[in-house]
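Heads up: the structure comes next, in C-alpha cells.
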Amino acid sequence: MEITSEFISKVSTLPLGLPWSKDDKPIGQDSEKNFFQNNQTHVENKNGIRRASIPYPWDEVSYQIIKYISYEGSYNIVYGYHFRIIHELRHGINTPTCQNLSIPYFHLQSLTDSSNKVQAGNSEQLAHHALIKILLEESLHTFTLLIA
C-alpha cells in the first residue's frame, strides 16, 4: 500500500494545497511573531508559546489543532507550525484552495516521521492511529484480487 498526500486527501476529504511540514521553521516563526499585536504579551517556552497566554478564541483553536491535526500530547505549548495553521485560519479565508496549506501533506510527513521512529525501535512514537485505520480500511475496501 502506497500512502501519498493525494491518497490521504481522498480518504479524509481534506483538500490538497501547498506542501509544508513542521520543519519549515522560518515560516512557523514568522507566523508566531506576526500573531501577536504589539501590545499583547505572551509567555514563551524554550520551544514555543504557552497556550494559556494566547488570546481567546485562538487558545481553544490551538488546542484543537494540537489535538486533532498534529496529534501531539503536549497541549500546553503552541509551536511555530501550529501558528502557521492558526495564521491560515485567521487570515486565509479568501485564499484560493491551491494556496492553502495541505493538511494531507502535513499528515503524510508526520506519518513518515512516526514510522521512522517506530522502525528505529521507539514504538511509543506511533501517532495518527485513526488516520492509519481509515487509510487501511480504504485500501482493503478498494483492493481487488486478480486471478489469472
Side-chain angles (χ1 to χ4, degrees), residues 1-139 141:
M1 173 172 99
E2 181 181 8
I3 298 176
T4 63
S5 54
E6 290 80 8
F7 183 58
I8 293 172
S9 175
K10 175 185 168 213
V11 172
S12 66
T13 67
L14 293 168
L16 286 173
L18 296 175
W20 68 291
S21 72
K22 294 179 183 181
D23 298 329
D24 296 335
K25 292 194 187 301
I27 295 171
Q29 290 168 343
D30 287 345
S31 297
E32 183 178 315
K33 287 178 190 171
N34 294 331
F35 177 80
F36 294 98
Q37 304 299 323
N38 293 335
N39 59 350
Q40 289 181 317
T41 59
H42 56 278
V43 179
E44 290 191 37
N45 178 291
K46 67 177 182 168
N47 297 320
I49 304 293
R50 301 225 21 106
R51 192 170 62 82
S53 67
I54 297 175
Y56 179 83
W58 302 107
D59 58 337
E60 183 60 29
V61 170
S62 66
Y63 174 75
Q64 300 302 323
I65 289 169
I66 294 167
K67 189 169 183 180
Y68 296 108
I69 295 177
S70 65
Y71 302 103
E72 294 165 330
S74 177
Y75 300 126
N76 295 322
I77 304 297
V78 182
Y79 298 103
Y81 55 91
H82 296 133
F83 279 103
R84 179 69 177 94
I85 299 170
I86 291 171
H87 180 80
E88 180 88 9
L89 293 171
R90 193 177 196 186
H91 303 290
I93 294 170
N94 296 320
T95 306
T97 302
C98 63
Q99 294 177 8
N100 290 343
L101 294 176
S102 177
I103 299 300
Y105 182 83
F106 179 83
H107 281 158
L108 177 63
Q109 299 306 307
S110 189
L111 279 172
T112 302
D113 185 45
S114 178
S115 172
N116 291 338
K117 289 176 181 175
V118 169
Q119 288 176 6
N122 192 350
S123 61
E124 294 176 6
Q125 291 295 315
L126 182 62
H128 308 288
H129 297 90
L131 178 59
I132 292 169
K133 179 180 183 263
I134 63 171
L135 292 173
L136 285 171
E137 286 175 348
E138 177 67 19
S139 291
H141 179 71

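- Contact of the L14 side chain with the I8 side chain is not registered, since no non-hydrogen atoms from C-beta on lie closer than 4.5 Å.
- I86 contributes atom CD1, which lies 11.5 Å from atom CD of Q64 (distance to the nearest 0.5 angstrom).
- Classified by interplanar angle (parallel below 30°, tilted 30° to 60°, perpendicular above 60°), the ring pair Y79/H82 is tilted.
- Residues I54 and F83 are in side-chain contact: their nearest non-hydrogen atoms beyond the backbone lie under 4.5 Å apart.
- The closest side-chain heavy-atom distance from D113 to Q109 is not below 4.5 Å.
- No donor-acceptor pair closer than 3.5 Å links the side chain of S114 to the backbone N or O of S110.
- For E60, the salt bridge (charged side-chain N to carboxylate O under 4.0 Å, His left out) criterion is met by no residue, not counting sequence neighbours.
- Between the OG atom in S12 and the CD1 atom in I134 there is a gap of 6.0 Å [rounded to 0.5 Å].
- Interatomic distance, S9 OG to Y105 OH, rounded to the nearest 0.5 Å: 14.5 Å.
- Looking at every heavy atom in both residues, R50 comes nearest to I77 through NH1-CD1, 3.6 Å.
- Between I49 atom CD1 and D59 atom CG the span is 13.5 Å, to the nearest 0.5 Å.
- Across every non-hydrogen atom of Y63 and R51, the tightest pair is CB-NH1, 3.5 Å.
- Note that the CG atom of N116 and the CG atom of L111 stand 11.0 Å from one another [nearest 0.5 Å].
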Kindly determine whether V61 and W58 satisfy side chain to side chain contact (heavy atoms under 4.5 Å, CB included), including the steps that lead there. CA-CA 5 Å; V61 170; W58 302 107; 3.8 Å; yes
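- The ring-ring contact (aromatic ring centres under 6.0 Å, His included) test applied to F7 returns no partner, not counting sequence neighbours.
- Rounded to the nearest 0.5 angstrom, K10 NZ and S5 OG are separated by 14.0 Å.
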Starting from the C-alpha separation in whole Å, work towards a yes-or-no answer on salt bridge (Lys or Arg N to Asp or Glu O under 4.0 Å) for K133 and E137. CA-CA 6 Å; K133 179 180 183 263; E137 286 175 348; 3.0 Å; yes
